[in-house]
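Let me give you the structure first, and then I'll get to my questions.
Computation of the quantities below employed the complete heavy-atom set of this structure, encompassing side-chain atoms and omitting hydrogens, waters and symmetry-equivalent molecules. Just so it is clear: chains get the letters A, B, ... in the order the sequence lines come, proteins before strands, and each one is counted from 1.
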Amino acid sequence: MSTEHDHDDGDAGRTGTFGDYGGQYVPEALMPALQELEDAYERYVLENEDGFMDEFRERMHDFGGRPTPLQRADRLSDRYDREVYLKREDLLHGGAHKLNNALGQVLLAKYMGKERIIAETGAGQHGTATAMAAAHLDMPCEIYMGRTDVNRQRPNVYRMRMNGAEVNPVEAGSATLKEAINETMRDWATTVERTHYVIGSVVGPHPFPQMVRDFQAVIGDEIREQIREKAGRLPDSVVACAGGGSNTMGTFHAFVPDEDVDLVAVEAGGSSLDIDESEGLAPNSATLSTGTDGVLHGAMTKLLQSGDGQIMESHSVSAGLDYAGVGPELSHLVETGRVTPANVDDEAALNGFHRLSRLEGIIPALESSHALGYLEESADELGDLVVVNVSGRGDKDLETVLEETEKRDLEAAPDVEVFDG
Amino acid sequence: MSEYDSEVEAAIRENHPALITYITAGDPSLADTKDYVEALDRGGSDLIELGLPFSEPIAEGRTIQDAINRALAAGTTPEGFFELVDDLETEAPLLVMTYYNMILQYGDSEAPRASEEASGQRPRAKPDVRPFVERAAEAGLSGIIVPDLPAEEAEPLRRACDDNGLDLVFIIAPTTEGERLDRIMSHVSGFAYVQARLGTTGARENVSGATHESLERLSEYDVPKAVGFGVSKGDHAAEIVEAGADGVIVGSALVDIVASSDTPEAAVDRLEAKARELKRGARSGAETVTIDPEDAPEPEQP
Ligand SMILES: Cc1ncc(COP(=O)(O)O)c(C=O)c1O
């Protein structure tokens with residue numbers, strides 16, 4: 001955890017902005033709740049009041065399984081002729097980095113005296129992490145999930161229900177993550193006095209982007225220590241996928257002051273980087289590379305939007321990256337040149353998925369597979385010592401991967417015909 | 001203009017108790033919206049709010065969300081919206097209600113997209129609220145309401161509105177209290193939009209207890225107060241005015257009429273009649289003189 005870093009985090013401090021980005025663009029009814037949350041965040045998270053952070057770390061150890069390993073990837077190191085290490089967030093309880101944030105926020109809600117937890121989910125990973133954390137801490141929990149995602153992520157819907165959460169399908173619009181966030185915000189604006197909204201990434205109004213980053217910063221803090229032990233120095237580059245950007249900021253935060261360490265955020269290039277304004281459709285979610293500045297879900301950040309300001313429907317083969325916005329701090333770090341934005345398309349991500357499965361015996365999440373796809377395409381630019389964050393495991397994606405692989409001629413894929421029967 | 005330097009404030013003070021009506025522009029078409037606005041004006045609206053549709057209306061309940069989706073599907077754009085306002089000649093001053101991103105992006109449609117920018121050298125301009133406000137003033141709008149812009153983030157828009165003679169109306173929620181309430185109430189522009197209950201817009205069956213509490217809490221501030229979120233009937237209007245409001249704001253109940261009428265002509269008639277019912281209700285509330293809010297009758301418990 002990185003409370004030490006935060007005190008000298010000048011630009012991310014009181015106003016809740018990161019350069020031009022961030023802020024609190026929410027309905028008036030929520031403003032007092034954001035102030036209350038900011039106050040609780042400062043006391044419990046930044047100042048460890050009542051031993052909050054001690055309890056959080058202990059639970060992340062006992063319940064979550066932290067620390068996760070940093071593993072040398074032997075065959076990838078051979079393949080790319082450099083040292084490649086994998087941060088194994090896929091081994092965290094629940095199968096993704098999401099628990100770091102979910103458990104932190106549910107515990108904070110408890111310290112704040114809130115009685116009910118709500119959250120949005122796209123792929124269902126944040127929803128399952130929140131449902132697990134709420135069950136673990138005995139809090140009632142409701143999850144909003146777009147109808148389209150409910151239908152295509154059944155196993156996660158079952159997992160949430162097994163943990164006692166109510167899953168509310170959202171029918172509006174394209175019925176995916178964006179609509180789920182809208183609906184969760186509406187619930188929160190109605191029930192704000194006793195409910196905490198566990199937002200699932202480093203997005204939304206201040207203090208969420210900063211607080212979620214701090215809960216996720218354990219990833220980078222561990223990497224720093226582990227890579228020093230294993231390689232005797234800091235890496236030349238650190239690579240992570242980016243949807244909203246929580247695994248990304250969590251991985252990068254500790255390295256931001258280390259100017260010699262390149263930080264690469266890999267977004268979903270989808271099927272194409274072109275946008276269709278008349279249809280309001282962007283067949284990608286490469287917000288950092290192609291987006292423009294605007295306000296969505298409480299923050300000024302980079303967005304996929306039309307010239308008029310309507311938000312586009314994004315697309316990615318990976319549901320967890322399929323979002324038209326991105327965290328404001330990442331927008332800022334890209335704008336200042338500290339973080340390099342990159343993107344790889346659906347096909348490169350699928351190949352990355354198959355390659356890691358075959359070469360290393362690790363089935364990665366399709367989200368994380370984007371970082372691995374980038375490694376394949378651009379290893380030469382990453383120096384001699386590279387760390388890639390494997391943000392989650394891919395069990396949830398097997399059906400999608402089989403379907404998408406059958407449609408294509410992928411160089412890294414096994415013959416999927418044999419999977420039938 | 002009268003003793004008030006704001007057209008919006010004058011519309012409320014001089015027509016006390018005021019009726020403020022809302023519909024979504026472009027639902028089902030901008031041409032129909034023109035007829036509907038004129039009907040609301042004839043029916044006795046003292047101010048009319050026009051919703052400029054945004055794809056992520058987080059403050060809206062289902063009724064207005066659906067209206068916004070219909071308007072967007074019909075191809076409603078900010079420019080089309082302003083052209084409608086250019087054409088409208090109503091007695092009631094007009095306000096635009098929209099989300100902040102629509103204000104930030106207006107006038108930037110010609111700017112290069114990021115992908116073009118990467119190849120060219122002209123950096124894309126940062127979003128700016130001024131082109132929208134200037135166009136709004138030119139079209140004859142009197143004010144702006146932005147449900148996702150709290151006072152803390154409003155400085156750039158407030159300045160642009162001041163420079164262009166527009167009111168920027170803020171919402172007071174049931175959760176707005178203490179120092180923040182004081183600060184917002186000391187900067188009221190036009191009127192204080194009192195949110196009747198926590199949650200989203202949408203017609204309700206009764207007036208919430210929160211409304212009575214809010215009006216009592218706000219009674220010490222000498223600014224025009226109009227109550228919205230859930231008001232749907234003449235009786236509600238009466239009760240709210242009786243409890244100390246200077247006006248009532250009605251949206252979803254009117255949007256419901258637009259959505260449920262068989263023909264645009266039928267919608268026009270029903271909208272005009274509904275406005276009359278609401279205005280009559282508000283007036284009857286004003287006739288019941290209340291000296292102390294504590295003496296106001298409790299809302300009936302079914
Ligand atoms: C495994 C995994 N990685 C990454 C993401 C993307 O989120 P973020 O960019 O916030 O890390 C998700 C989201 O569901 C995920 O499940």
Side-chain angles (χ1 to χ4, degrees), chain A residues 15-16 20 23-36 171-173 178-179 181-193 205 273-275 277-278 280 286-298 300 302-313 324-325, chain B residues 53-62 65-66 69 72 75-79 98-115 117-118 124-127 132 146-153 170-178 180 184 193 195 197-200 229:
Chain A
T15 57
D20 291 338
Q24 296 182 308
Y25 299 90
V26 295
E28 170 61 25
L30 293 178
M31 286 301 285
L34 292 179
Q35 285 194 331
E36 185 191 348
E171 312 284 350
K178 187 160 67 65
E179 289 76 22
I181 296 180
N182 293 345
E183 204 54 32
T184 318
M185 286 206 165
R186 292 184 187 113
D187 179 319
W188 202 32
T190 313
T191 60
V192 58
E193 289 157 314
L273 288 186
D274 291 328
I275 53 172
E277 275 229 11
S278 60
T287 320
L288 289 170
S289 336
T290 70
T292 54
D293 295 356
V295 166
L296 174 65
H297 294 145
M300 174 77 76
K302 290 183 184 288
L303 304 176
L304 300 177
Q305 60 182 330
S306 74
D308 282 343
Q310 307 295 358
I311 308 305
M312 301 263 184
E313 297 299 340
Chain B
F54 173 53
S55 57
E56 319 303 320
I58 56 169
E60 249 62 70
R62 199 60 208 242
Q65 283 177 48
D66 288 347
N69 288 337
L72 288 174
T76 308
T77 62
E79 202 39 54
T98 194
Y99 288 77
Y100 196 45
N101 199 47
M102 298 302 293
I103 295 174
L104 284 172
Q105 305 306 328
Y106 180 76
D108 206 27
S109 310
E110 304 303 313
R113 307 290 320 173
S115 48
E117 184 192 318
R124 182 184 160 99
K126 290 281 169 192
F132 184 96
V146 191
D148 64 343
L149 187 70
E152 281 82 348
E153 299 286 0
F170 285 99
I171 294 173
I172 310 288
T175 47
T176 312
E177 287 171 346
R180 288 193 72 252
I184 297 170
Y193 187 131
Q195 184 180 330
R197 61 186 87 221
L198 283 177
T200 53
F229 277 51

Could you grab the distance from atom NE2 of A/His297 to atom CD of B/Glu56, nearest 0.5 Å is fine?
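Going from the NE2 atom of A/His297 to the CD atom of B/Glu56 covers 5.5 Å.
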Heavy-atom pair with the smallest gap, counting every atom of A/Pro27 and B/Ile58:
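Answer, listing the atom of A/Pro27 first, then B/Ile58: CD-CD1, 3.8 Å.
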Contact part of A/Leu296 toward chain B, heavy-atom cut-off under 4.5 Å: side chain, backbone, both or neither?
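Contact with chain B: side chain only.
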With a 4.5 angstrom heavy-atom cut-off, is it the side chain or the backbone of B/Glu177 that approaches chain A, or both, or neither?
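Contact with chain A: none, neither part.
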For residues A/Arg186 and B/Gln65, determine if any side-chain heavy atom of one lies less than 4.5 Å from a side-chain heavy atom of the other.
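A/Arg186 reaches B/Gln65 side chain to side chain.
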So which part of B/Ile103 gets closer than 4.5 Å to some heavy atom of chain A, the side chain, the backbone, both or neither?
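Neither part.
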Identify the heavy atoms of A/Ala29 and B/Thr175 that sit nearest to each other, and give their distance.
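Where A/Ala29 meets B/Thr175 most closely, the heavy atoms are O-OG1, 2.9 Å.
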Heavy-atom closest pair, residues A/Met300 and B/Leu104
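Closest heavy-atom pair between A/Met300 and B/Leu104: CE-CD1, 3.9 Å.
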Would you check if A/Tyr25 and B/Leu149 make a side-chain contact, meaning some heavy-atom pair closer than 4.5 Å?
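Sidechains of B/Leu149 and A/Tyr25: in contact.
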Where do B/Gln105 and A/Gly294 come nearest, in terms of heavy atoms and distance?
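That closest heavy-atom pairing would be NE2-CA, 3.4 Å.
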Pairing residues for A/Thr184 by the side-chain contact (heavy atoms from CB on, under 4.5 Å) criterion, not counting sequence neighbours:
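For A/Thr184 the side-chain contact (heavy atoms from CB on, under 4.5 Å) partners, ignoring immediate neighbours, are A/Ile118, A/Glu120, A/Tyr144, A/Tyr197.
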If you count heavy-atom pairs under 4.5 Å between each of B/Pro57, B/Pro150, B/Gly61, B/Ala173 and chain A, which one has the most?
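Heavy-atom pair counts peak at B/Pro150.
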Where the side chain of B/Ser55 meets the backbone of A/Ile311, is there a donor-acceptor pair that is under 3.5 Å apart?
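Side chain of B/Ser55 to backbone of A/Ile311, a donor-acceptor pair under 3.5 Å: yes, one is there.
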Which one wins on heavy-atom pair count under 4.5 Å against chain A: B/Thr176, B/Thr77, B/Asn69, B/Val146?
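Top count of heavy-atom pairs under 4.5 Å with chain A: B/Thr176.
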Using only atom types and a distance under 3.5 Å, with no angle test, would you say the side chain of A/Glu28 pairs donor to acceptor with the backbone of B/Ile172?
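Such a contact is absent between A/Glu28 side chain and B/Ile172 backbone.
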If every non-hydrogen atom of B/Phe54 is compared with every non-hydrogen atom of A/Gly309, which pair is closest and at what distance?
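So the minimum-distance heavy-atom pair works out to CE1-O, 3.2 Å.
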What part of B/Pro147 gets closer than 4.5 Å to chain A, counting heavy atoms only: side chain, backbone, both or neither?
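For B/Pro147, the contact with chain A is made by the backbone alone.
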A/Met185, A/Glu183, A/Lys302, A/Glu193: which one forms the most heavy-atom pairs within less than 4.5 Å of chain B?
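Answer, by heavy-atom pair count under 4.5 Å with chain B: A/Glu193.
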So B/Asn101 and A/Leu303, do their side chains get closer than 4.5 Å, heavy atoms only?
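A/Leu303 vs B/Asn101: side chains touch.
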How long is the gap from CG on A/Asp308 to OG1 on B/Thr76, to the nearest 0.5 Å?
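That separation rounds to 10.5 Å.
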Select one option (side chain, backbone, both, neither) describing which atoms of A/Asp187 are under 4.5 Å from chain B's heavy atoms.
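Nothing of A/Asp187, per the 4.5 Å heavy-atom cut-off to chain B.
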Do you know which of B/Ala59, B/Pro78, B/Pro174 has the most heavy-atom pairs under 4.5 Å to chain A?
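Answer, by heavy-atom pair count under 4.5 Å with chain A: B/Pro78.
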Would you mind telling me which of A/Thr191, A/Asp20, A/Val26 has the largest number of heavy-atom pairs within less than 4.5 Å of chain B?
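Answer, by heavy-atom pair count under 4.5 Å with chain B: A/Val26.
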Can you tell me which portion of B/Pro53 sits under 4.5 Å from chain A's heavy atoms? Options are side chain, backbone, both or neither.
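Looking at B/Pro53, just its backbone touches chain A.
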